[in-house]
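Below is one structure, written out as structure tokens, with a few remarks after it.
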Amino acid sequence: MAKYLFAALLLATSTAYAEEEETQAPPSPLKTEIELGYQSLSGNSDSQSLNSRIGLTYVKNQFRNTAEAKYLLATKNEKEDKRKGQLELQSDMKINERAYILGNANYTNDRYGPYFNDFTLATGLGYQLIRRETFQMEIEAGPGYRFQDPNFDEIDDDDIVVPETVQEIIIRGSTKFTWKPTKTVEINTRITGIGGNSNSTLEGEVNLTSSITEHIAIKVSNTQKYNTWVPDGLKKRDST
């Protein structure tokens, strides 16, 4: 009798598990990331700064759409000292198992920096070189267009800026890879080069993300940017 009861219990458990697997909802095609940082100094120095980032990725069928928005606001002695917004949009469409066509738009609005508006628009082809569970790598390249509107009222001697409105054809190339050495640690690297007559830049960004819970993580970032042209007396490389 005990054998029959055990068999019945095992069958019921297996059936319930199978039904749960069948009714489990598929993973969402939308992935979101939200980052927020705040700093406040008082006493001899009175300043506050707020930086935030929102990242969205939507993958469905042969399409992949990504969006990233960054915002920085800093005040000093109760006066606005810096306000900068950045927005990058990219849409990819697969044309075979590894290759895809892309469109990329990048816009920066800096109220107190050298450029009031900085806009690039590029297209091209991308290719997935490596597609493994713990490591992915892609390369992109193509032509584009750049528009820069200098913020003449805020230009200083230490600003890397061409003192004129720039409208030119550019070449854009990008390489990015993602490595997951463990389940809770992820390393993302992206290198983007833009070549134009006014100036050419090479920017590398490395992000180390360590998960604390399923939805919360600590992130450390480092960015290095190299300019082929800078005013006399300035360094060609900046780091953040």
Side-chain angles (χ1 to χ4, degrees), residues 33 53-60 62-72 84-96 98-111 113-130 136-152 155 159-178 188-207 221-231 234 236-240:
E33 295 178 353
R53 172 187 172 272
I54 297 176
L56 303 174
T57 302
Y58 187 85
V59 181
K60 191 170 185 180
Q62 76 269 37
F63 294 96
R64 179 178 61 182
N65 301 292
T66 58
E68 182 181 65
K70 296 179 181 179
Y71 183 73
L72 170 65
K84 182 179 181 180
Q86 294 177 276
L87 177 65
E88 181 176 8
L89 304 173
Q90 180 160 327
S91 183
D92 307 324
M93 184 183 73
K94 274 197 168 187
I95 54 179
N96 60 37
R98 290 182 178 266
Y100 56 93
I101 301 173
L102 68 95
N104 178 280
N106 198 314
Y107 175 71
T108 301
N109 178 269
D110 194 340
R111 299 289 297 182
Y115 288 111
F116 187 79
N117 293 297
D118 187 329
F119 176 72
T120 60
L121 182 66
T123 185
L125 292 174
Y127 190 79
Q128 297 176 322
L129 286 176
I130 303 174
Q136 295 90 35
M137 183 175 182
E138 300 177 355
I139 57 172
E140 301 172 353
Y145 169 81
R146 172 160 59 191
F147 171 80
Q148 289 177 332
D149 181 20
N151 193 354
F152 292 105
I155 293 177
D159 284 327
I160 301 174
V161 55
V162 178
E164 60 185 28
T165 299
V166 174
Q167 301 184 61
E168 62 184 6
I169 300 299
I170 59 171
I171 297 295
R172 176 186 176 274
S174 179
T175 300
K176 50 189 175 183
F177 71 78
T178 300
N188 293 279
T189 298
R190 181 182 180 185
I191 301 174
T192 302
I194 296 178
N197 290 328
S198 64
N199 196 1
S200 296
T201 61
L202 183 64
E203 183 174 3
E205 180 180 357
V206 180
N207 299 309
S221 301
N222 182 275
T223 301
Q224 304 285 331
K225 187 173 183 180
Y226 180 84
N227 297 271
T228 59
W229 173 88
V230 295
L234 294 185
K236 292 186 174 182
R237 184 176 64 87
D238 287 321
S239 62
T240 305

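Heavy-atom basis, side chains included; hydrogens, waters and symmetry copies ignored.
- Between Asp92 and Ile101 there is no side-chain heavy-atom pair separated by less than 4.5 Å.
- Legend: residues meeting salt bridge (Lys or Arg N to Asp or Glu O under 4.0 Å) with Arg53, ordered by chain and number and at least two apart, are Glu33, Glu35, Glu68.
- A distance of 8.5 Å separates CD in Gln136 from CD in Gln128, rounded to the nearest 0.5 Å.
- The two atoms that bring Ser174 and Thr192 nearest to each other are OG-OG1, 3.5 Å, heavy atoms only.
- Checked against salt bridge (Lys or Arg N to Asp or Glu O under 4.0 Å), Arg98 has no partners two or more places apart in sequence or in another chain.
- Residue Gly196 comes nearest to Arg146 through the heavy atom pair CA-NH2, 3.6 Å, listed as atom of the first residue, atom of the second, then distance.
- Taking Thr201 as the reference, nothing meets the side chain to side chain donor-acceptor pair (under 3.5 Å) condition, with sequence neighbours excluded.
- Contacts of Tyr71 classified as ring-ring contact (aromatic ring centres under 6.0 Å, His included), with partners at least two apart in sequence or in another chain: none.
- Ile139 is listed as a side-chain neighbour of Leu129, based on a closest heavy-atom distance under 4.5 Å.
- Checking each of Asn65, Leu102, Thr66, Thr123 against Ser91 for a side-chain contact (heavy atoms from CB on, under 4.5 Å) leaves exactly one that passes, namely Asn65.
- The shortest distance between side-chain heavy atoms of Met93 and Tyr100 does not fall below 4.5 Å.
- Atom CD in Glu203 sits 8.0 Å away from atom CZ in Arg190 (nearest 0.5 Å).
- Taking the salt bridge (Lys or Arg N to Asp or Glu O under 4.0 Å) definition, one finds that Glu140 meets it with Arg172, Lys176, sequence neighbours left out.
- Between atom CG of residue Asp118 and atom NZ of residue Lys84 there is a gap of 9.0 Å, rounded to the nearest 0.5 Å.
- Once rounded to the nearest 0.5 Å, the distance linking CG of Leu121 with CG of Asn104 reads 8.0 Å.
- Across all non-hydrogen atoms, the minimal contact from Asn207 to Ser221 is OD1-OG, 2.5 Å.
- The salt bridge (Lys or Arg N to Asp or Glu O under 4.0 Å) search around Glu205 returns none, not counting sequence neighbours.
- Note that CG of Asn106 is 4.5 Å distant from OG1 of Thr120, once rounded to the nearest 0.5 Å.
- Without hydrogens or angle criteria, Ser200 side chain to Thr228 main chain gives no donor-acceptor distance under 3.5 Å.
- Side-chain atoms of Glu168 come within 3.5 Å of backbone N or O of Asn197 as a donor-acceptor pair.
- Atom CD of Gln167 sits about 5.5 Å away from atom CZ of Phe147, to the nearest 0.5 Å.
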